[in-house]
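Please read the structure below before turning to the comments.
Counting begins at 1 with the first residue of the sequence. Just so you know, these numbers use all the heavy atoms, side chains as well, and skip hydrogens, waters and symmetry mates.
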Amino acid sequence: MLYSNPKLRAMSFRKNRARLFVDSPLDQGTTVEITGQQFHYLKNVLRIRSNQSVSLFNGSEGEWKTIVTEIATKKIVLFCEAKTREQSNPPDFWYLFAPLKKARLDFAVEKVTEIGVSKIIPVITEFTQNTRISTKRLQTIAMEATEQCGGLKVPEVVPLCPLSEILHEWPRGRALIYCDEMAKCSGKIPSAVSKAGKLAILIGPEGGFSQKDRELIDTLDESCRFSLGKRILRAETAAVAAFSLISWYYGNSYLDQKAS
């Protein structure tokens, strides 16, 4: 994975600027202590120095320019100097998927985060092969991707659960588009998408959806099948293609919405 390599990640930030997600409150004049892996990253990978700037965001209070005021043995202290961007959130798109092998799964989570999603939901379908995933690791990948792409809110990664449970509690008004190689290739965005202000895209496992899966999904009034073309795409490719297409369809007005 690109951003797990410290050297490559450092090159990305040196080209732009150091940028981190933190859980701390951010306000003018406050200080933030950086410890653990983020401390190691700033000190030993980026080789940050006193008086250099670091951009911080916490998912609710925008982006802040901070200044390094102290570099200790196990912590770096940052002083919040000024807000540089108001809070904005990604479009309210959910990514549902049957887990893949590790490297391919990491790639898919990283790329849909960069394109813009608000929630990442692994599900178990009838043909799902990999049922052992680390929610914590995927959350870290989503965080690093958000840091890199300039986003201000890290998508939530929820624990793995059966598709039937997710569909049983499906919220009204949220369109569910499931990308199915058995669907007719119409070349048009499903009409259900334009009627919903919120949507989700479901990508099946390597073996595709079973007939039982299709019948279950079709019970939802909000669901619709969609084809990504005549070729059979790998699941991670399908995820990137689907979210890129939907983002293009909605246009910039749906991307990075101002927080209410």
- Message: Looking at Val77, is its backbone amide N or carbonyl O close enough to the side chain of Thr69 to form a donor-acceptor pair, meaning the two atoms are under 3.5 Å apart?
- Response: yes

- Report the C-alpha distance between Leu26 and Val32 in whole Å, list the side-chain angles of each, state the deciding distance to 0.1 Å, and finish with yes or no for side-chain contact (heavy atoms from CB on, under 4.5 Å). CA-CA 8 Å; Leu26 298 174; Val32 178; 3.8 Å; yes

- Message: Would you compute the distance between atom CG of Leu105 and atom CG of Leu138 and round it to the nearest 0.5 angstrom?
- Response: 5.0 Å

- Going by heavy atoms in the side chains, are Lys43 and Ile76 under 4.5 Å from each other? yes

- Evaluate the side-chain proximity of Gln38 to Val22: yes if any heavy-atom separation is below 4.5 Å, no if none is. yes

- Query: With hydrophobic residues grouped by side-chain heavy-atom distances under 4.5 Å, do Phe79 and Phe57 end up in a single group?
  - Reply: no

- List the steps and the verdict of salt bridge (Lys or Arg N to Asp or Glu O under 4.0 Å) for Asp218 and Arg214. CA-CA 6 Å; Asp218 285 338; Arg214 293 186 179 94; over 6 Å; no

- Item | Heavy atoms of other groups near Glu70 CD, more than 12 under 6.0 Å | yes

- Message: How close do Ile201 and Cys179 get, counting heavy atoms only, and between which atoms?
- Response: CG2-SG, 4.0 Å

- Note on the structure: Of all heavy-atom pairs linking Glu81 and Ile67, the shortest is OE2-CG1, 3.8 Å

- side-chain contact (heavy atoms from CB on, under 4.5 Å) assessment of Val68 paired with Asn51: CA-CA 5 Å; Val68 178; Asn51 297 320; over 6 Å; no

- Side-chain contact test, heavy atoms from C-beta onward, threshold under 4.5 Å: evaluate it for Trp94 versus Leu199 and give yes or no. no

- Item | Rounded distance (nearest 0.5 Å) linking atom CD of Gln37 with atom CG of Leu20 | 12.0 Å

- Item | Gln52 side-chain N/O to Arg49 backbone N/O, donor-acceptor pair under 3.5 Å | yes

- Does Leu233 share a hydrophobic cluster with Ile203, counting links as ILVMFWY side-chain heavy atoms below 4.5 Å and allowing steps through other members? yes

- If you round to the nearest 0.5 Å, how far is CZ of Phe21 from CE of Met143? 7.5 Å

- Check the side chains of Thr125 and Thr128 for a donor-acceptor pair under 3.5 angstrom, ignoring hydrogens and angles. yes

- Message: Can you tell me which residue among Leu220, Asp221, Ile166 is in a side chain to side chain contact (heavy atoms under 4.5 Å, CB included) with Leu176?
- Response: Leu220

- With side chains defined as the heavy atoms from C-beta onward, is the minimum distance between Ser247 and Phe93 less than 4.5 Å? yes

- Task: Give a yes or no answer on whether the side chain of Arg19 reaches the backbone of Thr146 with a donor-acceptor pair at less than 3.5 Å.
- Result: yes

- Query: Is there side-chain contact between Ser118 and Asn89, with heavy atoms separated by less than 4.5 Å?
  - Reply: no

- Item | Closest heavy-atom pair and its distance - Gly204, Ala98 | C-CB, 4.0 Å

- Message: Is the shortest side-chain heavy-atom distance between Asp92 and Arg174 below 4.5 Å?
- Response: yes

- Task: Kindly determine whether Lys212 and Glu126 satisfy salt bridge (Lys or Arg N to Asp or Glu O under 4.0 Å), including the steps that lead there.
- Result: CA-CA 8 Å; Lys212 182 178 178 181; Glu126 189 170 13; 5.4 Å; no

- Message: Does the plane of the ring in Phe243 sit parallel, tilted or perpendicular to the ring in Tyr95? Use 30° and 60° as the thresholds.
- Response: perpendicular

- Shortest non-hydrogen contact between Ala200 and Leu96, atoms and distance: CB-CD1, 3.8 Å

- Item | pair Leu160-Pro99: side-chain heavy atoms closer than 4.5 Å | yes

- Message: Strictly distance-based, threshold 3.5 Å: is any side-chain N or O of Gln139 a donor or acceptor partner for the main-chain N or O of Pro155?
- Response: yes

- Message: Applying ring-ring contact (aromatic ring centres under 6.0 Å, His included) to Tyr178 and Phe209, what does each step give before you reach the verdict?
- Response: CA-CA 10 Å; Tyr178 68 105; Phe209 292 107; 5.6 Å; yes

- Item | Over all atoms of both residues, closest heavy-atom pair of Leu46 and Ala18 | CD1-CB, 3.6 Å

- Considering residues, nucleotides and ligands other than Lys65, do more than 12 of their heavy atoms fall under 6.0 Å from its NZ? no

- CA sep, side-chain torsions, deciding dist, call: Arg85, Leu152, side-chain contact (heavy atoms from CB on, under 4.5 Å): CA-CA 9 Å; Arg85 292 168 60 194; Leu152 290 176; 3.7 Å; yes

- Message: How long is the straight-line distance from CD1 of Ile71 back to CD1 of Ile48, given to the nearest 0.5 Å?
- Response: 7.5 Å

- Keeping the roles fixed (side chain from Thr140, backbone from Lys136), state whether a donor-acceptor pair exists under 3.5 Å. yes

- Message: Could you check whether any side-chain N or O of Gln87 sits under 3.5 Å from a backbone N or O of Gly59, counting only pairs where one atom can act as donor and the other as acceptor?
- Response: yes

- Taking the side chain from Asn58 and the backbone from Glu61, do they hold a donor-acceptor pair closer than 3.5 Å? yes

- Identify the two heavy atoms, one from Ile115 and one from Ser244, that lie closest to each other, and give their separation to 0.1 Å. CD1-OG, 3.4 Å

- Message: Could you walk me through whether Tyr41 and Ile34 satisfy the side-chain contact (heavy atoms from CB on, under 4.5 Å) test, starting with their C-alpha distance in whole Å, then the side-chain angles of each, then the deciding distance to 0.1 Å, before giving a yes or no?
- Response: CA-CA 10 Å; Tyr41 173 66; Ile34 303 298; over 6 Å; no

- Is there side-chain contact between Leu56 and Glu63, with at least one heavy-atom pair below 4.5 Å? no

- Message: Using 0.5 Å steps for rounding, measure from the NZ atom of Lys83 to the CD atom of Gln28.
- Response: 10.0 Å

- Query: Are Ile121 and Phe127 connected in the hydrophobic side-chain network, where two residues link if heavy atoms are under 4.5 Å apart?
  - Reply: no

- Side-chain donor-acceptor pair present, Asp213, Ser210, cut-off under 3.5 Å: yes

- Message: To the nearest 0.5 Å, what is the distance between CD on Glu206 and CD on Gln129?
- Response: 5.5 Å

- Item | Stepwise salt bridge (Lys or Arg N to Asp or Glu O under 4.0 Å) check, Lys111 with Glu114 | CA-CA 5 Å; Lys111 297 311 171 188; Glu114 292 177 7; 3.6 Å; yes

